[in-house]
Amino acid sequence: MKKIILMISCAALLASCQQTSNKGVESSVKEDSLQNIIDQKDQSFNELIGLLDEVQEGFAQINEAQGRVNTLDKNLEGSNAKANIQDNMLFIEQTLEEQRQKIENLQKKVDDGIITSGKLKSMIENLQNQLTEKSKDIEGLRAQLADKDIQIENLGKSVTQLQTENEQVKEESENRAQIVRNQDTQLNTAYFVYGTNKELKEHKILQSGDVLANNDFDRDYFTKIDIRKTTVIPFGSKSAKLLTTHPEGSYTLLKDSKGEYTLRITDPNKFWSVSKYLVVRVK
């Protein structure tokens, strides 16, 4: 008997150790997954900040090159002055193009929803304004040099072309943003109606006992809502029954102090997952 008790005790102890070990492994896995998410977010944020710093550094380099061009322009007697001006102008326009591409990349992150911070969005908008102003400055500098027969040729894309492309990028960005907004609005739009049995039949919402049996019902009779904003719908009636299908646990239908029913949607995504139409029969 003592041997049996000892064996049972050992087995129980071993099972307890295994459970503790399993819990420890599960906890470790959860902690590792959470840490991975945190690390990924930190990496994305650091990459974003690094890109912003690169753009600012690029503008600083352009300003320095502009200073060199202005200095050389005031003293053209040196044999290499014009060549140095051309080299600096080449550097300026190439660097300007690089900054344009980086800012375009940042703006795409805004359009794709990767960047949500209002402060970061403001910083990117400021960089876009700097790019536009700097492009105008360089165009003026080119014209100034041309007046002195300093031809800046074969420097890749002209500033005018860069400005045109920048405007095209902005337009495309606005179009993409509008498409995203339209899709978002569509995904979060729903319709509801409540009425007596007679009213619902008159508008072909209820036909032969079936609700929304076909597509010829009166859509104008419905109220259009944003499911993110409208979560409470009072019916002003002491009798209310949902005729459309909506998952249990996603709403409550209770009477108020006047004995009239009010619908409260507690889980909008779940509530509207079956149908974006809500039909309620009242008396």
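The structure presented is a predicted model; accordingly, all values stated were derived computationally and were not measured. For the single chain, residues carry numbers from 1 onward in sequence order.
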Quick one: pull up OG in S135 and CD in Q130 and give me the separation to the nearest 0.5 Å. 11.5 Å
Begin from the C-alpha positions of R264 and L254 and carry the test side chain to side chain contact (heavy atoms under 4.5 Å, CB included) through to its verdict. CA-CA 8 Å; R264 296 184 182 275; L254 301 173; 6.0 Å; no
Calculate, to the nearest 0.5 Å, the distance between atoms CD1 and CZ belonging to I265 and F192 respectively. 9.0 Å
Please examine the side chains of T196 and K283, heavy atoms only from C-beta on, and report whether any two atoms are closer than 4.5 Å. no
If we ignore angles and hydrogens, is there a donor and acceptor under 3.5 Å between the side chains of K229 and N188? no
Restricting to side chain to side chain contact (heavy atoms under 4.5 Å, CB included), what partner residues turn up for K276, sequence neighbours left out? A190, W272
Give a yes or no on whether a salt bridge exists between K258 and D256, defined as a side-chain N under 4.0 angstrom from a carboxylate O. no
Strictly below 4.0 Å, N to O, side chains only: are K102 and E98 in salt-bridge contact? no
In this structure, CE of M89 is separated from CZ of R68 (nearest 0.5 Å) by 12.0 Å
Same apolar cluster (I L V M F W Y, side chains within < 4.5 Å links), V211/V282: no
What do the steps show when you test N88 against Q66 for side chain to side chain contact (heavy atoms under 4.5 Å, CB included), and what is the final call? CA-CA 8 Å; N88 278 283; Q66 274 184 268; over 6 Å; no
Once you round to the nearest 0.5 Å, how far does CD1 of I62 lie from OG1 of T95? 5.5 Å
Verdict with reasoning, R100 to E104, per salt bridge (charged side-chain N to carboxylate O under 4.0 Å, His left out): CA-CA 6 Å; R100 184 192 67 79; E104 180 181 343; 3.2 Å; yes
For the NZ atom on K270, are there more than 12 heavy atoms of other groups (residues, nucleotides or ligands in this structure) within a distance under 6.0 Å? yes
Partner of L253 by side-chain contact (heavy atoms from CB on, under 4.5 Å), out of V280, I233, L242: L242
Any ion pair linking K136 and E139 (charged N to carboxylate O, less than 4.0 Å)? no
Within the structure provided, determine whether P234 and T262 are in side-chain contact (heavy-atom separation under 4.5 Å). yes
So does Q101 get a backbone contact from the side chain of N105, meaning a donor-acceptor N/O pair under 3.5 Å? no
If two hydrophobic side chains count as joined below 4.5 Å and joins carry through other members, does F222 share a cluster with I227? no
I'd like to know if the side chain of T244 reaches the main chain of V279, judged simply by a donor and an acceptor atom lying under 3.5 Å from each other, with no hydrogens or angles considered. yes
Do L120 and L52 make a side-chain contact, defined as non-hydrogen atoms from C-beta onward lying under 4.5 Å apart? yes
Look at atom CD of Q178 and say whether more than 12 heavy atoms of other residues, nucleotides or ligands are closer to it than 6.0 Å. yes
Short side-chain to backbone donor-acceptor contact, S250 and P247, under 3.5 Å: yes
E54/L51 under side chain to side chain contact (heavy atoms under 4.5 Å, CB included): CA gap, chis, key distance, verdict: CA-CA 5 Å; E54 288 178 11; L51 194 55; 3.8 Å; yes
If you take the centroid of each ring, where Trp contributes its six-membered ring, are Y277 and F217 closer together than 6.0 Å? yes
Between T132 (side chain only) and Q128 (backbone N and O only), is there a donor and an acceptor less than 3.5 Å apart? yes
Do I138 and E93 make a side-chain contact, defined as non-hydrogen atoms from C-beta onward lying under 4.5 Å apart? yes
Which value, rounded to the nearest 0.5 Å, describes the distance between F91 atom CZ and L96 atom CG? 11.0 Å
So, do F271 and Y251 have ring centers that fall under 6.0 Å from each other? yes
ILVMFWY network linking Y221 to Y194, side-chain heavy atoms under 4.5 angstrom: no
Is L187 linked to I179 within one hydrophobic cluster, defined over Ile, Leu, Val, Met, Phe, Trp and Tyr using a side-chain heavy-atom separation of less than 4.5 Å? no
Just wondering, do F235 and L263 contact through their side chains at under 4.5 Å, heavy atoms? yes
A side-chain contact here means heavy atoms from C-beta on lying under 4.5 Å apart; do V193 and L278 qualify? no
Interatomic distance, D218 atom CG to I205 atom CD1 [nearest 0.5 angstrom]: 6.5 Å
Can Q207 and K204 be said to form a side chain to side chain contact (heavy atoms under 4.5 Å, CB included), step by step? CA-CA 6 Å; Q207 300 182 55; K204 297 183 179 181; 3.6 Å; yes
Using only atom types and a distance under 3.5 Å, with no angle test, would you say the side chain of S237 pairs donor to acceptor with the backbone of A240? no
For a quick check under 3.5 Å, do K134 and Q99 share a side-chain donor-acceptor pair by atom type? no
